[in-house]
Amino acid sequence: MSSTTPSSDSTSKNVRVKNEEDAATAGDMEVKDVRFASFLPDNAAAVHLLETVLVSSPPPSLIGDDDAIAYLISLPSLPSNSDDNHNGLMWRIGAGPSPRLIKKGVVGAKVDFLLCPPGNTLGAKKARESIKSVHAILFFHPESGVLSLRNICSKPILYRNGGVNGEDLIIEGGVKGADSCVLFRERNQLRFGDYDFVLEFNLNPKEYAIFRDQRDEILSVHHARPSRHLALVPSPKHSSCLDVRLHHKLSQGSRGPVFCGVHLHTGKPVAVKMLRCDEETSHRIQHELETAALFSDDSDGLLFPTTSWCEHGESPPCRLDKCEAAEDHEDVFLSTPLAEFDFETMPWGQLKSSDRLSYFYQTLSGLGKIHQRGLVHGRIRPRALLISHDYETPASTQAPRSQLPTKAAVSLSVSSENHGAPDRAGCWVAPEVWTSSAEKPYDEKADVWALAASWLPAYVRIPPNIKVDERTYRTMLKTIEDQYKKRKIKSTFRSLLLRMLAWGPEDRPTVAEALVHEAWAPVHEKRVQQEKQLRQEREDRIQRPEAGVKKVRILSPGVED
C-alpha cells in the first residue's frame, strides 16, 4: 500500500464504488444494512495510521487497497441487543485501549473506528499523543435524526469550516462535559491532533426510503421518531442562518417565509421565520418577543420564539435593540421548536377518538396560561394549534412509542393580521367578532369559541372562510350531534363543546371553568396510569436487575493519560 496522501476525490470515488457494489450484491434482500457515509484519512499521517491498523487487527468496517482506505458507516438492518451501542446508532472513535489500560483490566475503551494499532510501538505511542482511547462518538440525534459528533475526551477536535460564519470550530471535551455539534456538510473535515480525517456522506438516493424507515424504527425504541420535515443527509441546497442549518422552506407567509432546520450545536429541529423589520412592523415583533419572555418558565401547552437575531447576526435584533442607529429596515429571524403537524394537517384518522382528548386538553391548558396573564390570543385557528413529538417524557418499556407526535400547543407566533384590522375568515371566528365594529373585537370568550371550533377538524373537514351565521351555526351544532350519534365523542365532551360554542359569549365558560369539566376525566386517568406504570418499571429495574450483569471498571474520559 502507498503511504502517500491520496486524492480526496479519488478516495471518495473508490469508496462510493465499493458502496454501489455492495448495494448491488444485496439488491435482492428486502432488509439490509444501509451504508450512508465513510470515514477517510485526509493527510499522510492519517493514511499511515489506518494502513497500520488494516494490516494488524482491522475492524470489519475498515476496507482498503492500494488506492483507498476508509471506514464504511452503515445503518444496521436490525437494532443491536447491546444498550452500550444504543441499538447500533452510535459509533465510538479512538485509539482503543492502551496497553496500560488492558493490563489494568479496563473494558470500557473499545471503539468502532480504531485509529491506532494495538501494542506499545513507537508509532502507537505517537498516535496516542493526539488521539485518546475513546476520543469521540458519532450518533444520530433522536429529535432531528442528523448525524452529530461528540467529543468525550480532554483533547479538542478541529472541525474545519464548522463554525457559525464558516470559520473553523473547536469541539471541546474534558471532564466538565462533552461538547457536540452537527456534521452538516457533505464532506466534514476533522482534525485529531496531527491527523486529518474526512467524514463524507454518500447515501445512495435509491436507498433514502429504506434508510429513513430503519433509522426511525431503531431510534423509536428509546425515543420518539425524528422530525419528518428534515433532510436525511446534508445537501448543497442547504444554507446557514447564524447557528441554524436551514434545510428547506416550510411555508410562505404574508410577511415572510418559514424554514425548517437544525440547530448546529444542540442538534434540535427548529422552525425559523424570516420577517422584514421596519418602522411599521418593529413594534409587532418586539411585542411577540416580550410576550414569549413571559412564558419562558412555563412552556407546556404553548409554542413561542426562543431565539431572535437580525441579518447582521445580532441578538436581539439590532433594530429593536438600537433603534436610533438602525437602518430603515432589516431582516429579522425568529426561531421556535419545530412542530410536526397542526390541527389542520394532523392525520386524525390514525388516532382513536378517545386519544384526541389529550391534544384538546393540552391546547386548552395553553390558552388558560395566556388568559391568566391577562392577555387575549385573538388568532386561534387550526393552524395555530401545533403538534410535536414529546422527547422529554420517558417511554414505557411495556408499550412502544407512538409514531405520531403527542405534544400539542397553542402558537404565540405573531402574524401580519394580529394587529390592526382583524382577520374574520373561518368558523373559528366567533359570531360577535363578525358583527363588531371595534378595531380589536377579540376577547377571552372569543378565544374560547375559536379553540372549540379549531378542534372540529379532528373529526370532519371544515371548508375555509366560512362566515358564522344562523345557517352555518346550525350546521356546526348538527356536526357535533352527528359525531355523538356515531360514538366518535362522548356525551361529556359533547356537552363541553356545545357550551364553548354557545352563540352568546355570556353563555360560554371561561377557560378555567372548561378545564375542570368532567369531559377531561379520561385524560387525567390515563396520565395517572402512565405515571404509575413508569414508576413501577423504575422500581422493578432497581429491585430486580437483569441477570448476568457484572460489575466492571468503566473508562472515564482522560484517565489513561
Exercise. Within a radius of less than 6.0 Å around CD of E279, do more than 12 heavy atoms belonging to other residues, nucleotides or ligands occur?
Worked result: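 No, because the 6.0 Å sphere around CD of E279 holds 12 heavy atoms or fewer from other groups.
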Considering residues at least two apart in sequence or located in another chain, which fulfil the salt bridge (Lys or Arg N to Asp or Glu O under 4.0 Å) criterion with [X]?
| X | result |
| --- | --- |
| R527 | none |
| K249 | none |
| E444 | none |
| R356 | none |

Problem set entry | From I171 atom CD1 to S180 atom OG, the distance as rounded to the nearest 0.5 Å |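 So the gap between those two atoms works out to 8.0 Å.
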Exercise. What is the distance from atom CH2 of W428 to atom CG of L456, rounded to the nearest 0.5 Å?
Worked result: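 The CG atom of L456 is 9.0 Å from CH2 of W428, to the nearest 0.5 Å.
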Short side-chain donor-acceptor distance under 3.5 Å, [Y] and [X]:
| X | Y | answer |
| --- | --- | --- |
| D243 | H265 | no |
| T479 | D482 | no |
| Y442 | D447 | no |
| T363 | W455 | yes |

For [Y], is there an ion pair with [X] - N to carboxylate O distance below 4.0 angstrom?
| X | Y | value |
| --- | --- | --- |
| E506 | K445 | no |
| E217 | R225 | yes |
| D216 | R228 | no |
| R150 | D179 | no |

Exercise. Looking at residues at least two apart in the chain, or sitting in another chain, which of them share a ring pair (Phe, Tyr, Trp, His ring centres under 6.0 Å) with F201?
Worked result: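 F201 satisfies ring pair (Phe, Tyr, Trp, His ring centres under 6.0 Å) with no residue once adjacent residues are dropped.
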Problem set entry | With Y208 via ring pair (Phe, Tyr, Trp, His ring centres under 6.0 Å) - residues at least two apart |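 In terms of ring pair (Phe, Tyr, Trp, His ring centres under 6.0 Å), with neighbours along the sequence ignored, Y208 is linked to no residue.
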Exercise. So, the side chain of D213 versus the backbone of I210: is there a donor-acceptor pair under 3.5 Å, distance only?
Worked result: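 It does not hold such a pair.
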Problem set entry | Heavy-atom side-chain proximity of L364 to L515 below 4.5 angstrom |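 L364 vs L515: side chains touch.
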Exercise. Considering all heavy atoms of both residues, which atom of E330 and which atom of C318 are nearest to each other, and what is their separation?
Worked result: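 Distance-wise, the nearest heavy atoms are OE1-SG, 2.9 Å.
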